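This structure is a prediction, so every number in the text was calculated from the model and none was measured. Residue indices begin at 1 and follow the sequence shown.
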Amino acid sequence: MLLHAVMVNEDNDDRRGAERQAINQPSTLRGDRGAHDVYVADLSETGFSVTTDSRLAIGSTVTIGLAGHGRAMARVVRQVPGGYGCEFAEPVSRSVVASAFRNDTVIQLTSSAPLEAPFAEPEIQKLPGAVRLGVIVGSSALLWALIARVAVALF
């Protein structure tokens with residue numbers, strides 16, 4: 001009697017259902033403990049992994065910034081050496097995975113017209129030197145008089 005067997009590698013606990021794309025780009029991960037600077041190691045339609053020194057709670061809800069596509073909600077599902085694995089609350093499209101972190105997110109100014117301030121800068125007129133000196137000496141004298149009066153009242 002022959003028995004058919006299938007070998008399963010138990011060390012591989014990879015339950016991801018989508019192909020991962022290597023990213024290795026900085027991003028910001030926001031959770032209930034604040035914002036954390038992270039590196040997105042890889043990204044797929046169903047989740048991502050991040051490299052960070054911050055501590056995240058397994059099961060906590062986080063928001064990741066996807067450069068060029070805004071933010072996405074996710075849940076921390078596993079801890080790996082040096083980081084965490086997260087699963088998106090709503091899977092993202094293949095086009096988001098393909099283009100996230102790949103495009104320049106800075107919008108270039110294309111107008112050749114010179115920029116003008118929306119308000120004219122007010123012209124500042126200084127008081128004459130004698131008036132400024134009088135204000136400084138007068139306010140100093142008043143402050144010393146106040147200090148002397150407080151000292152006399154205390155002793």
Side-chain angles (χ1 to χ4, degrees), residues 1-127 131-132 135-136 139-140 142-144 146-147 150 154:
M1 170 194 257
L2 292 173
L3 294 175
H4 293 281
V6 176
M7 293 186 69
V8 177
N9 184 359
E10 292 184 17
D11 293 338
N12 186 5
D13 189 26
D14 193 355
R15 292 174 274 163
R16 295 174 196 87
E19 184 179 333
R20 293 178 285 167
Q21 298 289 321
I23 301 295
N24 296 318
Q25 293 292 320
S27 185
T28 302
L29 189 74
R30 290 176 173 81
D32 52 354
R33 294 183 183 167
H36 308 279
D37 291 328
V38 299
Y39 270 85
V40 177
D42 59 58
L43 178 68
S44 73
E45 295 171 40
T46 57
F48 57 93
S49 66
V50 294
T51 303
T52 181
D53 293 333
S54 301
R55 293 185 179 246
L56 303 173
I58 303 297
S60 63
T61 300
V62 294
T63 303
I64 186 76
L66 300 175
H69 294 284
R71 298 180 189 167
M73 295 286 292
R75 184 173 53 91
V76 179
V77 293
R78 71 181 182 287
Q79 183 174 6
V80 296
Y84 295 89
C86 302
E87 178 182 41
F88 287 123
E90 297 281 330
V92 297
S93 68
R94 285 185 185 173
S95 64
V96 169
V97 173
S99 62
F101 299 98
R102 308 256 194 266
N103 298 328
D104 189 10
T105 57
V106 176
I107 299 171
Q108 299 294 326
L109 180 63
T110 57
S111 174
S112 60
L115 293 176
E116 293 182 22
F119 302 105
E121 192 169 321
E123 189 174 320
I124 299 173
Q125 295 179 349
K126 292 185 177 181
L127 295 173
V131 174
R132 290 187 296 186
V135 169
I136 292 171
S139 60
S140 296
L142 283 174
L143 286 173
W144 279 112
L146 179 64
I147 292 170
V150 169
L154 291 176

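- Using a 4.5 Å heavy-atom threshold, the side chains of Leu43 and Val96 count as separate.
- Here Leu143 contributes atom CG and Ile147 contributes atom CD1; the two are 6.5 Å apart, rounded to the nearest 0.5 Å.
- Summarising the local packing, CG of Leu154 is surrounded by more than 12 heavy atoms from other residues, nucleotides or ligands at distances under 6.0 Å.
- Note: Asp42 CG to Glu19 CD = 11.0 Å, rounded to the nearest 0.5 Å.
- Taking every heavy atom of both residues into account, Ser44 and Val92 meet most closely at O-CG2, 3.8 Å.
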Candidate pair Leu66 and Val40, rule side chain to side chain contact (heavy atoms under 4.5 Å, CB included), full reasoning: CA-CA 9 Å; Leu66 300 175; Val40 177; 5.7 Å; no

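- Note on residues 91-100: pairs passing salt bridge (charged side-chain N to carboxylate O under 4.0 Å, His left out), not counting sequence neighbours, are Glu45-Arg94.
- Residues forming a salt bridge (charged side-chain N to carboxylate O under 4.0 Å, His left out) with Arg75 (at least two apart in sequence, or on another chain): Glu87.
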Show me, pair by pair, the donor-acceptor contacts under 3.5 angstrom made by side chains of residues 52-63, not counting sequence neighbours?
from: Thr52; atom 1: OG1; to: Ser54; atom 2: N; distance (Å): 3.0
from: Thr52; atom 1: OG1; to: Ser54; atom 2: OG; distance (Å): 3.4
from: Ser54; atom 1: OG; to: His36; atom 2: ND1; distance (Å): 3.0
from: Ser60; atom 1: OG; to: Ala57; atom 2: O; distance (Å): 2.6

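- In this structure, the side chains of Phe48 and Leu29 come closer than 4.5 Å at one or more pairs of heavy atoms.
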For residues 21-28, tabulate all N or O donor-acceptor pairs below 3.5 Å that involve a side-chain atom, not counting sequence neighbours.
from: Ser27; atom 1: OG; to: Gly65; atom 2: O; distance (Å): 2.5

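- Partners of Leu127 by side chain to side chain contact (heavy atoms under 4.5 Å, CB included), not counting sequence neighbours, listed by chain and number: Val131, Arg132.
- Under the rule for a side chain to side chain contact (heavy atoms under 4.5 Å, CB included), the partners of Ser95 that lie at least two apart in sequence or sit in another chain are Ser93.
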